Number of protein chains: 2
Amino acid sequence: MATDQPSSTEGLRRLNTSLVLRSLRQQGPATRAELAKRTGLAKATVGVIVGGLAEVAAVDESASVPGGPGGRGRPGRPVTLTGEGLLGLGLELNVDYVSAVVLDLGGRVRVSGTRPVTGTDPLPVLLDLARSVVRRVRDGRLVGAMVAVPGLVRGDDRTVAWTPNLAAPDERVAVGIEDVLEGRCPVSVGNDANCAAYAESHHGAAVGAEHALYLTGTVGIGAGIVTDGRLLRGAAGFAGEVGHMPIGDSTAACGCGRRGCWEASIGLHAMLAAVGMPELDTPYLSAQAVADRAEHDPAVRAALENLGRDVGLGLAILTNVLDPSLVVLGGYFVALGEHVLGPARRSLDERLPSPAQGRPELRLSTLGMEAAALGAAELALEGVFSGDVPVA
Amino acid sequence: MATDQPSSTEGLRRLNTSLVLRSLRQQGPATRAELAKRTGLAKATVGVIVGGLAEVAAVDESASVPGGPGGRGRPGRPVTLTGEGLLGLGLELNVDYVSAVVLDLGGRVRVSGTRPVTGTDPLPVLLDLARSVVRRVRDGRLVGAMVAVPGLVRGDDRTVAWTPNLAAPDERVAVGIEDVLEGRCPVSVGNDANCAAYAESHHGAAVGAEHALYLTGTVGIGAGIVTDGRLLRGAAGFAGEVGHMPIGDSTAACGCGRRGCWEASIGLHAMLAAVGMPELDTPYLSAQAVADRAEHDPAVRAALENLGRDVGLGLAILTNVLDPSLVVLGGYFVALGEHVLGPARRSLDERLPSPAQGRPELRLSTLGMEAAALGAAELALEGVFSGDVPVA
DNA sequence: GACTTAAGTTCGAGACTCGTACTTAATAGG
DNA sequence: CCTATTAAGTACGAGTCTCGAACTTAAGTC
């Protein structure tokens with residue numbers, strides 16, 4: 001909960017309600033008595049809180065289950081977090097596609113959709129998609145909306161400071177979505193890598209990791225950093241912009257005009273140049289073709305080995321700084337799979353700061369195109385789980 | 001406040017009390033009416049809270065000041081955070097010295113002391129210093145104690161996982177201090193760079209910066225990272241171990257057995273080797289001699305220029321990842337001053353990720369040897385300001 | 001000296017949590 | 001089949017907290 005504002009007894013209730021909600025999400029359904037034990041709250045309090053949650057259709061009460069654990073005594077009625085009544089809208093604005101996801105508090109995707117964008121300005125397409133998606137959610141209250149954008153977003157969670165490949169400056173995106181939603185809920189804007197990282201830590205390969213690092217690779221390289229279960233934002237909201245760190249081949253020319261950027265070693269274009277293959281429609285398709293070729297072509301395998309080493313080198317630096325327990329690779333790296341994971345693990349092992357520190361686990365992303373939109377939706381719901389947004 | 005435990009109405013009071021305390025610390029003394037406006041609490045509530053704080057000698061009420069701002073009306077009696085009744089003990093265990101600082105809630109150092117250690121095991125010296133320091137604080141309640149250690153400390157804030165130059169494994173340090181304090185308050189252990197970073201952000205060059213990076217240089221290189229006003233710890237508590245990141249001269253041999261570690265480019269020994277000067281009693285003295293020589297010797301200046309560039313290169317990487325608004329250089333860098341700051345600023349400028357991001361400000365540490373102990377003391381008091389520790 | 005203004009306090013209403021006592025719904029055993 | 005036992009859930013009263021309104025207090029102003 002925001003700690004820099006006054007709390008009344010209602011704030012107290014919000015805080016304890018969020019405690020119950022988090023317990024239901026992280027540890028699964030439970031009876032009131034179990035919830036009381038898990039949260040430390042009194043049985044009576046839990047009863048009242050669950051009652052309130054049931055009223056807004058956030059939880060569901062199944063029938064009692066006789067013959068449960070223990071057997072004797074009155075059986076409890078398990079409370080499940082269905083979250084049907086509380087919804088978060090997540091959107092992604094990208095160069096070649098837009099996505100939308102409506103997520104309920106229980107973590108189920110209620111509606112989702114993706115549309116390709118070719119040539120034209122993607123923002124109108126996103127607005128149209130948002131309109132149609134919102135229309136399809138009749139029941140339930142929208143508690144928040146968030147738009148993931150490939151670029152730098154200021155600390156106000158609203159103003160876009162810089163998008164290399166997208167004309168969506170300032171508050172245009174936020175205002176556009178606010179317009180579509182007609183004030184039904186607050187709208188914020190976030191970096192796409194951050195959103196995807198949040199998605200991984202709640203629905204993907206990093207579930208349960210409080211300290212995770214997400215690295216995405218397309219033409220550019222971006223990272224999303226989760227520490228203590230929260231996104232690391234930085235002073236201006238620009239943390240995780242790792243693409244132009246001087247890592248890897250110090251002579252490689254980068255699109256930014258400098259040399260030695262990590263992106264110039266492990267970005268999509270660098271990878272394709274190294275294996276001598278053309279760029280296809282999407283980064284993933286391009287990488288898949290490379291992976292196919294690698295099966296028979298030792299030269300391609302050697303090039304990917306080099307790539308993986310440079311990935312590992314950068315991850316070693318990030319690991320030294322951030323000490324994550326888990327690193328998730330997304331973007332085109334997913335298609336290359338073990339071709340890049342193996343060498344990355346090895347070069348990472350060589351560069352751990354001390355014998356005491358174990359290597360963070362390396363995994364591939366399991367979420368597809370809609371990762372960023374999914375994470376944005378989860379972030380839109382975050383206020384409920386943190387106790388900042390009243391549930392009723 | 002810890003958000004994963006139940007809150008009763010007393011917890012609510014703790015939370016609002018901490019809100020008042022933080023307002024007094026950050027925005028200075030104020031009347032009850034002003035405090036009510038600043039915190040958003042009701043006048044009546046502030047009155048009760050201030051009363052409680054006065055009872056434990058945390059705040060002081062000056063006489064009313066007639067003719068204040070506005071002039072008309074009953075003048076308010078300003079409440080000042082003196083914090084005399086609530087104390088934090090900070091200790092530093094190092095290879096060649098130990099320090100102790102007793103800090104009150106108002107941020108004043110009440111007692112402090114440093115003792116050199118030569119050859120022998122420093123832990124007994126620290127315990128003895130702690131004993132004598134604690135004896136000198138008769139009035140006031142010790143709310144916490146923290147020991148800064150040059151090494152890796154686990155996430156439990158207690159177990160030392162690895163100290164390269166110090167035989168103080170496991171829980172020996174914590175148990176020793178607990179013994180001295182006879183259970184008067186909880187004891188925790190922390191990394192020295194983290195503690196120093198916290199000291200800078202509360203008493204030194206980084207006051208007011210919510211996102212700051214502290215880089216210390218002696219024989220080893222370590223960083224302390226403050227994001228959102230909190231220390232970044234990482235999964236195992238090892239975040240900020242930046243000394244062995246592959247940065248700078250990739251051929252330089254490091255004490256760890258590898259090549260290319262940042263430490264091998266900008267650690268004390270690398271610096272001394274580059275200028276061809278001997279190591280003196282302390283890192284600071286060694287560096288001061290180098291700085292003196294640089295005044296007349298262009299070759300030394302050129303070597304320091306190189307050093308500064310490598311410092312900036314690493315800071316660029318850290319800036320890309322963390323986006324701090326401020327970087328503080330500590331350790332031996334302080335003695336070199338502008339010799340290293342200038343080139344560091346320039347190489348940092350060349351490596352910012354995007355035109356939108358400004359360069360973080362670079363400053364020298366203003367705290368001396370006792371930085372780590374001071375930060376440890378501040379951390380020992382943190383629970384009061386966060387509302388986790390009851391004030392009464 | 002009466003009036004105005006603003007700080008600080010008092011007091012009752014309302015919200016919340018908690019422990020205890022009570023009710024309810026199951027199993028175990030005779 | 002009936003009673004005892006066990007545990008879940010609820011009702012209720014006590015205690016704590018915040019809040020707004022009314023009140024008191026201490027200054028300046030006319």
Side-chain angles (χ1 to χ4, degrees), chain A residues 1 5-20 29-55 59-80 387 390-392, chain B residues 1 5-20 29-55 59-80 387 390-392:
Chain A
M1 189 162 83
Q5 51 189 31
S7 297
S8 58
T9 50
E10 288 123 56
L12 189 55
R13 164 60 58 87
R14 275 215 306 279
L15 203 61
N16 284 333
T17 300
S18 76
L19 189 64
V20 170
T31 65
R32 289 164 173 76
E34 270 168 32
L35 280 173
K37 244 180 246 163
R38 299 205 302 213
T39 59
L41 293 165
K43 264 200 306 179
T45 308
V46 172
V48 179
I49 288 176
V50 168
L53 289 173
E55 247 173 42
V59 299
D60 219 31
E61 213 161 350
S62 7
S64 64
V65 189
R72 297 156 85 92
R74 173 177 170 177
R77 301 213 304 277
V79 175
T80 313
V391 84
Chain B
M1 189 162 84
Q5 50 188 31
S7 299
S8 58
T9 49
E10 289 124 56
L12 188 56
R13 166 59 60 88
R14 275 214 308 278
L15 203 61
N16 284 332
T17 300
S18 77
L19 189 65
V20 170
T31 65
R32 288 164 174 73
E34 272 169 30
L35 280 173
K37 243 180 250 164
R38 297 203 306 211
T39 59
L41 294 164
K43 265 200 306 180
T45 308
V46 172
V48 179
I49 288 177
V50 168
L53 288 173
E55 247 173 41
V59 300
D60 220 28
E61 212 160 350
S62 7
S64 65
V65 189
R72 300 157 84 93
R74 172 178 171 176
R77 300 213 306 278
V79 175
T80 312
V391 84

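Because the structure is predicted, anything quoted here is derived from the model rather than measured. Proteins come first, then strands; the chains are lettered A, B, ... in the order of their sequence lines, and each starts at number 1.
- Atoms CG (B:Leu41) and P (D:dG20) sit 10 Å apart, rounded to a whole Å.
- When all heavy atoms are compared, the tightest approach of A:Ala36 to A:Ala42 is CB-C, 4.3 Å.
- The salt bridge (Lys or Arg N to Asp or Glu O under 4.0 Å) test applied to A:Arg32 returns A:Glu61, not counting sequence neighbours.
- Using a 4.5 Å cut-off on side-chain heavy atoms (C-beta onward), B:Leu41 and B:Ile49 make contact.
- Closest approach of B:Ala30 to B:Leu35, counting heavy atoms only: CB-CG, 4.0 Å.
- One finds the CD atom of A:Gln5 at 10.5 Å from the CG atom of B:Asn16 (value rounded to the nearest 0.5 Å).
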List, with names and distances, any nitrogen or oxygen atoms from the protein found under 3.5 Å away from nitrogen or oxygen atoms belonging to nucleotides 5-7 of chain C.
unit_1, atom_1, unit_2, atom_2, d
C:dT5, O2, B:Gly73, N, 3.2
C:dA6, N3, B:Arg74, N, 3.3
C:dA7, O4', B:Arg74, O, 3.0
C:dA7, N3, B:Arg74, NH1, 3.3

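- Contact between A:Ala54 and A:Val59 at its shortest, heavy atoms only, is N-CG2, 3.6 Å.
- We find that CD of A:Glu61 is positioned 13 Å from P of C:dA25, with the value rounded to whole Å.
- B:Val50 and B:Val79 get closest at one heavy-atom pair: CG1-CG2, 3.9 Å.
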Item to check | Annotated protein contacts, base or backbone, on nucleotides 12-17 of chain D with a non-hydrogen cut-off under 4.0 Å, one of B, S, - each | outcome: ----BB
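- Computed from coordinates, the A:Gln5 CD to D:dC19 P distance equals 12 Å when rounded to whole Å.
- Counting only heavy atoms from C-beta outward, the side chains of A:Ser7 and B:Leu12 approach each other to under 4.5 Å.
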